[in-house]
Peer 1: 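Can you keep this structure in mind? I'll have questions shortly.
To find a chain, count down the sequence lines: A is the first, B the second, and so on, and within it residues start at 1.
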Number of protein chains: 2
Amino acid sequence: MPKARSGSTLSDVAREAKVSVSTASRALNGLAEKYRISSSTAQLVRDKAEKLGFRPSQVARSLRLKRTGLLGIVVPDLSNPFFSSIAQSVTVSAESDGFSAILADSGGSVEKEQKLIEQLTARSVEALVVCPVGLKFAHLESTREQGTPLVLVDRCKDKSSMVQVTSDHTTGTQQAMQLLIGNGHRKIGVLQGIAGTLPSDQRLLGVKEALAKVGVNLDPALVEGNQFTYESGYQSARNLLMNHPEITAFFAMSTPNAFGAYQAAMELGRRVPEDLSLVCFDDVKFANFMQVPLATVAQDVPELGRLAASLVAEQIRSGKAPVQKMHKVPVTLLTRASVGKVSPS
Amino acid sequence: MPKARSGSTLSDVAREAKVSVSTASRALNGLAEKYRISSSTAQLVRDKAEKLGFRPSQVARSLRLKRTGLLGIVVPDLSNPFFSSIAQSVTVSAESDGFSAILADSGGSVEKEQKLIEQLTARSVEALVVCPVGLKFAHLESTREQGTPLVLVDRCKDKSSMVQVTSDHTTGTQQAMQLLIGNGHRKIGVLQGIAGTLPSDQRLLGVKEALAKVGVNLDPALVEGNQFTYESGYQSARNLLMNHPEITAFFAMSTPNAFGAYQAAMELGRRVPEDLSLVCFDDVKFANFMQVPLATVAQDVPELGRLAASLVAEQIRSGKAPVQKMHKVPVTLLTRASVGKVSPS
DNA sequence: CTGAAAGCGCTAACAA
DNA sequence: TTGTTAGCGCTTTCAG
């Protein structure tokens, strides 16, 4: 029995089966009956292909068909569970639609993001799912205009004709704020993510609206922070608690922000939830394991990815962008022990 | 100024510059001086390419050069921070070596893993980095034998000729055990991961060896669990604590295992670290945020990925596998509050 | 210094 | 029912 070569090509199979390459191609692509190939030859071809360990070259096929079956994903930080979870659901959905995903990590840099997108289009990805760094969108709009279906996830752009998927930040934040307000809190510090990005801005909007409903104006001095990181949360919370000891609660825009705030509170002798309540807009699953379980606005992260994947798949199939551009995925408020009634002053 | 088409091809550029495609190709690939192309024509070609927004088709180039610049990564669960962190460092390293990474999630199934690897090789990836499910390796060995450089990460196979990267499980575990033993613990429960996988088995070996050094034989009845998950940790710890109340400490093989154990301990009224000490072999960064900071054997996860990437890059470059097959990456013991002296009985 | 032509592996008219 | 052929876009001999 001849050793199965790894590099056997279609013409090898054809020669071995003593047919032309077209016949071989047809037989192997399930077009046997369409072309009324005798079942004996069809079977022969399949046998020979099997024997030679024939694997059609996707590269050649891509060149010929102008379809690569490749999807590009760009995220700012794959070590962040929020983004890796999105990457996972996009990857898995794409897989089930017959696509493979090329993954790229922009490291939070717009320049790198742009460079990666260029590389990916040069590789003829059929569509892109991008969690943008979120501050500039020109390169994204232009690649879409050049014909590559492109869906934005998470950091969207407010009034834009691009197809976008994100959580319902404003509503989720309002729910969280209502929880605080319902427990008597009015002096609420806000630990902000990256100002200027839609998630951060919409959440801030939610804060304002929720306060407005009970006749309170958000004091800008109670808003601090500029990253979704632990450090940003820690520093901001520390500053706020020292400069505004009247604060009775924090709304944190990310789990790391909240972890940082918790640490700062501990160090300043404020107990959670007795002396300080804490809610966060969530991006990871571990909030449950904090010293005090952390009340959370939970995003449906897998759904963000799934929806994005199905939107690009649809665009590839139909050749045109869907009518609905902005997709808001619902969030869920998880009431947990980190929120308490405001303590009598 | 003519609108830059997205689909312009090399021959478009050539026609526009009134040169042959070969000249155009050479000019654009920095072969101008090698072929002594007049700098004027070279510049002209570059200008026209720029004007047309020419992007060379990587597909066509791959077909011609038989080099795709593609790397395949397969992990069992991308939503697990351990694996996403590996995926990240592999992706980023590969990127800096001029490769793009196709990412695939096997969902912990050997069959899917095998199927994905076949798909990836059909796409002509130049090498594979696989975090295998860890129970069967035949398909991995055979793809490597068919000529695709392949590096295994984490779940390795003990005596195998494959190139492998994993943490130094045994040494790390011994350090953790010495911490417990040094604090007087002798009745130590072991919360096991997936038995039969190398990480799990090597850690168990480390437990045995550390105990042996102080003249204690590991009681098999104190070993329980079969997954690296929270649930496995919870159930096993619960069983062990109920059936063996003499246990004063747990060695958990993963952070989720430890979280589960912590929960079980709480429910059974055992405080950490007063009534029960807890150390874990770590795979995520959040152990710090547990109610009681968790003593941890920290793996250098990014290094696992980086090393794997550089090993495949080297194989691609040299065409042959490196001489050293098994690479053990050092780990670090982080002593934290979850370990205390054994309480007087 | 530049061009013509072959060919990577595959699919799909078009022919027979 | 099967074969012939052109060509996807690129690189690279080989021939000027």
Peer 1: Thinking salt bridges, do B/E314 and B/R317 make one under a 4.0 Å N-O criterion?
Peer 2: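 Yes, this pair counts.
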Peer 1: Just how far, in rounded Å, is P of C/dC8 from CG of A/D12?
Peer 2: 11 Å
Peer 1: Which listed nucleotide (D/dC10, D/dG9, C/dC10) is nearest to the side chain of A/L63?
Peer 2: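 That would be D/dG9.
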Peer 1: Using heavy atoms to find the nearest nucleotide of DNA chain C for B/A42 and B/A60 separately, return the residue whose nucleotide is more 5′.
Peer 2: B/A42
Peer 1: Is the shortest side-chain heavy-atom distance between B/K115 and B/S109 below 4.5 Å?
Peer 2: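 No; the side chains remain at least 4.5 Å from each other.
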Peer 1: Angle between the two end axes of the helix from C/dC1-D/dG16 to C/dA16-D/dT1, five base pairs per end, rounded to 10 degrees?
Peer 2: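 About 50° separates the two local helix axes.
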Peer 1: What does A/T41 touch in the nucleic acid at a heavy-atom separation under 4.0 angstrom: a base, only the sugar-phosphate, or nothing?
Peer 2: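 Sugar-phosphate contact only - A/T41 comes under 4.0 Å of backbone atoms but never of a base.
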Peer 1: How long is the line joining NZ of B/K34 and P of C/dT2, in whole Å?
Peer 2: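 In whole Å, C/dT2 P lies 16 Å from B/K34 NZ.
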Peer 1: Does A/K157 offer a backbone N or O that forms a donor-acceptor pair with the side chain of A/Q164 under 3.5 Å?
Peer 2: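 Present.
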Peer 1: Whole angstroms only, please: what is the CG-C1' distance between A/L31 and D/dT1?
Peer 2: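 Spelled out: CG on A/L31 to C1' on D/dT1 is 14 Å.
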Peer 1: Report the distance from atom CD of A/Q58 to atom C1' of C/dT11, rounded to the nearest whole Å.
Peer 2: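 Answer to the nearest Å: 13 Å.
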Peer 1: Quick one: which protein N/O atoms are closer than 3.5 Å to N/O atoms of nucleotides 4-6 of chain D? Pair and distance per line, please.
Peer 2:
from  : atom 1 : to    : atom 2 : distance (Å)
D/dT4 : O4     : A/S22 : OG     : 3.0

Peer 1: Measuring to OP1 and OP2 of C/dT2, would you say a side-chain N or O of B/S38 lies under 4.0 angstrom away?
Peer 2: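 Affirmative; the distance criterion is met.
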Peer 1: For A/R123 and D/dG9, give me the distance from atom CZ to atom P, rounded to whole Å.
Peer 2: 18 Å
Peer 1: Say whether, by atom type as modelled, one donor and one acceptor occur between the side chain of B/T68 and the main chain of B/S124 under 3.5 angstrom.
Peer 2: yes
Peer 1: Does the side chain of A/S161 pick up a donor-acceptor pair with the side chain of A/R144 at under 3.5 Å?
Peer 2: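 A pair is found: one side chain offers a donor N or O, the other an acceptor, under 3.5 Å apart.
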Peer 1: Take atom CG of B/N29 and atom P of D/dT12, then tell me their distance rounded to the nearest Å.
Peer 2: 8 Å
Peer 1: Does any part of the side chain of B/V130, heavy atoms only, come nearer than 4.5 Å to the side chain of B/L128, both counted from C-beta?
Peer 2: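 Counting from C-beta outward, B/L128 and B/V130 do come under 4.5 Å.
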Peer 1: With B/E145, which residues qualify under salt bridge (Lys or Arg N to Asp or Glu O under 4.0 Å), at least two apart?
Peer 2: none
Peer 1: Given atom OH of A/Y35 and atom P of D/dG3, what is their separation to the nearest angstrom?
Peer 2: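 Whole-Å distance recorded here is 14 Å.
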Peer 1: Taking 4.0 Å as the cut-off, does a side-chain nitrogen or oxygen of B/K66 come that near to OP1 or OP2 on C/dG9?
Peer 2: yes
Peer 1: Indicate yes or no: does B/E303 engage B/R306 in a salt bridge with an N to O separation below 4.0 Å.
Peer 2: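 Looking at B/E303 and B/R306, the cut-off is met.
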Peer 1: Check every strand shown and say whether A/V19 touches a base, only sugar-phosphate, or nothing at a heavy-atom separation below 4.0 Å.
Peer 2: sugar-phosphate
Peer 1: Using a 4.0 Å heavy-atom cut-off across all strands, classify B/L10 as base, sugar-phosphate, or nothing.
Peer 2: base
Peer 1: Nearest of C/dA12, D/dT13, D/dG9 to any side-chain atom of A/L65?
Peer 2: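 Closest nucleotide among those given: C/dA12.
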Peer 1: Between B/R55 and A/T121, is any side-chain donor less than 3.5 angstrom from a side-chain acceptor?
Peer 2: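 Absent: no donor and acceptor within the cut-off.
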Peer 1: Could you state the CG-P distance from A/L28 to C/dC10, rounded to the nearest angstrom?
Peer 2: 10 Å
Peer 1: Under 4.0 Å between any heavy atoms, over every strand shown, what does B/I37 touch: base, sugar-phosphate, or nothing? Just pick one.
Peer 2: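 If one applies the 4.0 Å heavy-atom cut-off, B/I37 turns out to touch the sugar-phosphate alone, with no base involved.
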Peer 1: Does B/E126 use its side chain to pair, donor to acceptor, with the backbone of B/G69 at less than 3.5 Å?
Peer 2: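 Checking the backbone N and O of B/G69 against the side chain of B/E126, a donor-acceptor pair under 3.5 Å is found.
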Peer 1: If you compare every side-chain N and O of B/S11 against the phosphate oxygens of D/dC10 (OP1, OP2), does one of them come in below 4.0 Å?
Peer 2: no
Peer 1: Counting only side-chain heavy atoms from C-beta out, which of C/dC10, D/dC10, C/dC1 sits nearest to B/P56?
Peer 2: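 Nearest nucleotide to the side chain: D/dC10.
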